[in-house]
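Worksheet for the structure shown next.
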Number of protein chains: 2
Amino acid sequence: MLPSSKLRSSEAMPNATTHGSGFVPDRLEAIGRLAQYTRSMEIHVQGDTAENWSVVVAGAACQSVVRTDGRRNVVDLLLPGDDFGLLATDAPGLSVHAICTPTIVAHYRKSLIEAIAAEDPKVALHLRERMRETAARLIRHVLLLQKTTAKDKVWGFLKILSARTNDGEIQLAISRYDIADYLGLSVETVSRAMTELQFRGRIELRGPRRVKTLGRPVAEQTAA
Amino acid sequence: MLPSSKLRSSEAMPNATTHGSGFVPDRLEAIGRLAQYTRSMEIHVQGDTAENWSVVVAGAACQSVVRTDGRRNVVDLLLPGDDFGLLATDAPGLSVHAICTPTIVAHYRKSLIEAIAAEDPKVALHLRERMRETAARLIRHVLLLQKTTAKDKVWGFLKILSARTNDGEIQLAISRYDIADYLGLSVETVSRAMTELQFRGRIELRGPRRVKTLGRPVAEQTAA
DNA sequence: CGTTAATTTGAGCTATTTCAACCGTTGTGG
DNA sequence: CCACAACGGTTGAAATAGCTCAAATTAACG
């Protein structure tokens, strides 16, 4: 259950250090360590539990909890550019797993980035902005979960994903099971919601993992 | 829709400045402005929309959104000691309202606290800790919303509240309607869940707004 | 190709929403 | 001081939505 490879940036992704991934300031880029993970592998840096700030560079990951009854809840979905470990460290039983292969994550020691942030206001500002983004993601998640019907939840979820791609086409890195655990629904309900959304012309399924969002929210449609 | 009174700390709460409310470091306490609000009144400092960091000192407030269809969603419940305005500022349509009378909130200009934080690491640390608390609250909220049954949601909600009081007795500042909007349920379901929780001996209702939590989680009971 | 995992579909059951009415409290104006 | 409106809370009944168990179908991968 260890990363298949844990490499210096220069070894794993020569371009990452030289040109930068674009996700963090150059100043931080230099001290990052890239690690590559495979599907369902836990993401952490060996040796220390909560001492790292991490940014997903490629692939996808999700932060989740498993309940005492065996149920799993996905608290946050992490796509390239998303980070974790700065906020939400003390939550009990929270862990991060890769959900596709390969998933590449950049790890930064908190002690280091804090030292840099202390003397570089630009970096400090960047980190605060990252925290705000994480909070915004959590709030969007809450809003999603508060929607009444499963169709609304699934549609809202797909809409958020499609907003992160240029066109409406989505490459789903995440399985129906993960979506179910993210939305607090059963897999069957997620699947049915998908097919029904297609039936109603709101999405187009070009395969289980290829979705294109088409229309306006389900909420507006049900209102009409 | 303006605060009934907007006072210097020394005028409204003589003790707040001298002894401190205990919620923020002395260094910050000095620059805070206390404002008092009545139920359903929007909480903001006149003149600037998102330029303040605010801490609830007494009473209670909730951060909410109203959807296009008229539904309201409560994103965060703010009890004495909880803060808002640092994270989650850019969310669209988000506003904070007092949910009981009186609700007292301390406002701090962001420009000021950032300046202080820049030269006082202790204050900076405090602010980071506050952001982590806010995120932890959001995560707990997500986990609550992901619970499958309404009883689990309501019980989890009450349990979180009771964890913030010394004994298990809760003084509910929040109405059933607010709870419903917080948990993404209808009012009727919340009410029914309450009476059923009492029927099953998990809580004791000493009046609509006085609840005492008794047993272990509903989840464990349903498992048995 | 064959095996395994992922997704979809079906049927019965339970939970939740919705619409409606009722009760108790509070506050207000006559 | 009382009647009455307004609000918060509870309860009832019908319709719907979602969960569970079960199985079929499809995609992924060695």
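So that the names make sense, note that chain A is the first sequence line, chain B the second, and so on, each numbered from 1.
Closest of all the heavy-atom pairs between Y37(B) and A98(B) is CB-CB, 3.9 Å.
Here the two rings, on H141(B) and Y182(B), have centers that are under 6.0 Å apart.
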Return all side-chain donor-acceptor pairs below 3.5 angstrom for residues 60-67 of chain A, not counting sequence neighbours, or 'none' if the list is empty.
residue	atom	partner	partner atom	Å
R67(A)	NH2	L143(B)	O	2.9

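Put simply, the side chain of Y108(B) reaches to within 4.5 Å of the side chain of V55(B), judged on heavy atoms. In this structure the side chain of S162(B) never reaches within 4.5 angstrom of the side chain of K212(B), judged on heavy atoms. Counting heavy atoms from C-beta outward, V75(A) and L94(A) have side chains that approach closer than 4.5 Å. Side chains of V45(A) and R33(A) form no contact here, defined as non-hydrogen atoms less than 4.5 Å apart. Residues V142(A) and N73(B) have side chains not in contact (no heavy-atom distance under 4.5 Å, counting atoms from C-beta outward).
Taking 4.0 Å as the cut-off between side-chain N and carboxylate O, D181(B) and R71(B) do not count as a salt-bridged pair. Classification of R137(A) and E133(A) as a salt-bridged pair fails, no side-chain N sitting under 4.0 Å from a carboxylate O.
Nearest nucleotide to the side chain of E188(A), out of dT11(D), dG18(D), dT20(D): dT20(D).
Atom CG in L205(B) sits about 18 Å away from atom P in dG8(D), given to the nearest Å. To the nearest angstrom, C1' of dT26(D) lies 12 Å from CZ of R176(A). A straight line from NZ of K151(A) to P of dC19(D) spans 13 Å, rounded to a whole angstrom. Atom CE of M194(A) is separated from atom P of dT26(D) by 18 Å (rounded to the nearest Å). Atom CG in L172(B) sits about 14 Å away from atom P in dG8(D), given to the nearest Å.
Contact annotation for S175(A): backbone-only contact, meaning every heavy-atom pair under 4.0 Å involves sugar-phosphate atoms and none involves a base.
With K151(A) as reference, E196(A) is the one residue of M194(A), E196(A), R202(A), R192(A) to meet the side chain to side chain contact (heavy atoms under 4.5 Å, CB included) rule.
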Test side chain to side chain donor-acceptor pair (under 3.5 Å) on H107(B) and S54(B) and set out the steps.
CA-CA 4 Å; H107(B) 299 286; S54(B) 308; 2.8 Å; yes
Identify the pairs formed between an N or O of the protein and an N or O of nucleotides 13-15 of chain D at a distance under 3.5 Å, and give each distance.
residue	atom	partner	partner atom	Å
dA13(D)	N6	R192(B)	NH2	3.3

Could you list the protein-to-nucleotides 28-30 of chain D atom pairs, N/O on both sides, closer than 3.5 Å?
none

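Mapping R71(A) and V190(B) onto DNA chain D by nearest heavy atom places V190(B) closer to the 5' end of the strand. In this structure, T195(A) and T148(A) both approach DNA chain C, and ranking their closest nucleotides by distance from the 5' end singles out T195(A).
Atoms CG and CD1, from D76(B) and I139(A) in turn, are 7.5 Å apart once rounded to the nearest 0.5 Å. Atoms NZ and CD1, from K159(A) and I170(A) in turn, are 8.5 Å apart once rounded to the nearest 0.5 Å. The CG atom of L145(A) sits 11.5 Å away from the CG atom of L183(B) when rounded to the nearest 0.5 Å. Taken from NZ in K110(A) to CG in N52(A), the straight-line distance is 8.0 Å, to the nearest 0.5 Å.
Within residues 177-187 of chain B, the residues approaching DNA chain C are G184(B), L185(B), S186(B), by heavy-atom distance under 4.0 Å.
Taking five base pairs at each end of the helix from dC1(C)-dG30(D) to dG30(C)-dC1(D) and finding the rotation axis that steps the C1' atoms of four pairs onto the next four gives two axes whose angle is 40°, to the nearest 10°.
Once you apply a 4.0 Å limit to the heavy atoms of chain A, the touched nucleotides of DNA chain C run 5' to 3' over dA6(C) to dA11(C).
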